[in-house]
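Numbering starts at 1 and runs along the sequence shown.
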Amino acid sequence: MDEDAVLCVSNSYQKKYYLNPEYELLPTAVKQELQVACVIFTEEVGGILTLYFEDDGTLTIATSAREYDPAYDEIGAGLKVKALQAEKRELFESLQTYYKVTVLGEPLPADDGD
């Protein structure tokens, strides 16, 4: 995972949230929504939550935990990731578009009138 492609990280062990300074120009409301969603996720599931962009611009959500962490539920984390993806679908799609246009230099997608 390219460090520049990491969008944000929430760590339940250190009780910290990190937003990559490369994305500081995102609107304040977007940054706040990301922070709230990520911190709530790690408070409920534990471990570490990382949001990062793949080479093609796809936003990926990854969870991890310290070895032998009895409080971390890997199956529960997977289910919670799916719920987060569904709940924040529009936000994540917008972030992918932002990344593809600003970082990868792709043209802005045409508005198809949806």
With side chains defined as the heavy atoms from C-beta onward, is the minimum distance between [X] and [Y] less than 4.5 Å?
{"X": "Thr60", "Y": "Leu51", "value": "no"}
{"X": "Val9", "Y": "Tyr17", "value": "no"}
{"X": "Leu34", "Y": "Leu95", "value": "yes"}
{"X": "Phe53", "Y": "Val103", "value": "no"}

Flag for Ser12-Thr42: side-chain donor and acceptor within less than 3.5 Å | no

Identify, with sequence neighbours excluded, every residue that meets side-chain hydrogen bond (donor to acceptor under 3.5 Å, both in side chains) alongside [X].
{"X": "Ser64", "result": "none"}
{"X": "Tyr13", "result": "Asp69"}
{"X": "Asp55", "result": "none"}
{"X": "Glu93", "result": "Arg89"}

Gln35 and Leu19: side-chain contact (heavy atoms from CB on, under 4.5 Å), yes or no, with the steps?
-> CA-CA 8 Å; Gln35 182 175 5; Leu19 175 69; over 6 Å; no

Decide whether Leu104 and Phe92 are clustered together by the hydrophobic rule: side chain heavy atoms of Ile, Leu, Val, Met, Phe, Trp, Tyr closer than 4.5 Å, transitively.
-> yes

Using the side-chain hydrogen bond (donor to acceptor under 3.5 Å, both in side chains) rule, collect all pairs that involve residues 70-82, keeping only residues at least two apart or in two chains.
-> Glu44-Lys80, Thr63-Tyr72

Can you tell me which residue pairs pass the side-chain hydrogen bond (donor to acceptor under 3.5 Å, both in side chains) test with a partner in residues 94-104, sequence neighbours excluded?
-> none

Atom [atom1] in [X], atom [atom2] in [Y]: separation rounded to 0.5 Å?
{"X": "Glu43", "Y": "Cys38", "atom1": "CD", "atom2": "SG", "value": "12.0 Å"}
{"X": "Thr50", "Y": "Leu7", "atom1": "OG1", "atom2": "CG", "value": "10.5 Å"}
{"X": "Tyr52", "Y": "Ile61", "atom1": "OH", "atom2": "CD1", "value": "10.5 Å"}

Contacts under 3.5 angstrom, residues 21-31 side chains, donor-acceptor by atom type, not counting sequence neighbours:
{"from": "Tyr23", "atom 1": "OH", "to": "Asp4", "atom 2": "O", "distance (Å)": "2.9"}
{"from": "Glu24", "atom 1": "OE2", "to": "Lys31", "atom 2": "NZ", "distance (Å)": "2.9"}
{"from": "Lys31", "atom 1": "NZ", "to": "Glu24", "atom 2": "O", "distance (Å)": "3.0"}

Of all pairs that satisfy salt bridge (charged side-chain N to carboxylate O under 4.0 Å, His left out), the ones with a partner from residues 56-68, not counting sequence neighbours = none

Among Ile, Leu, Val, Met, Phe, Trp and Tyr joined by side-chain contacts under 4.5 Å, find the other residues sharing a cluster with Val101 and list them by chain and number.
-> Leu108

With sequence neighbours excluded, tell me which residues meet salt bridge (charged side-chain N to carboxylate O under 4.0 Å, His left out) with Glu33.
-> Lys88

Dump the intermediate steps for side-chain contact (heavy atoms from CB on, under 4.5 Å) on Asn20 and Cys8, then the final yes or no.
-> CA-CA 6 Å; Asn20 187 335; Cys8 58; over 6 Å; no

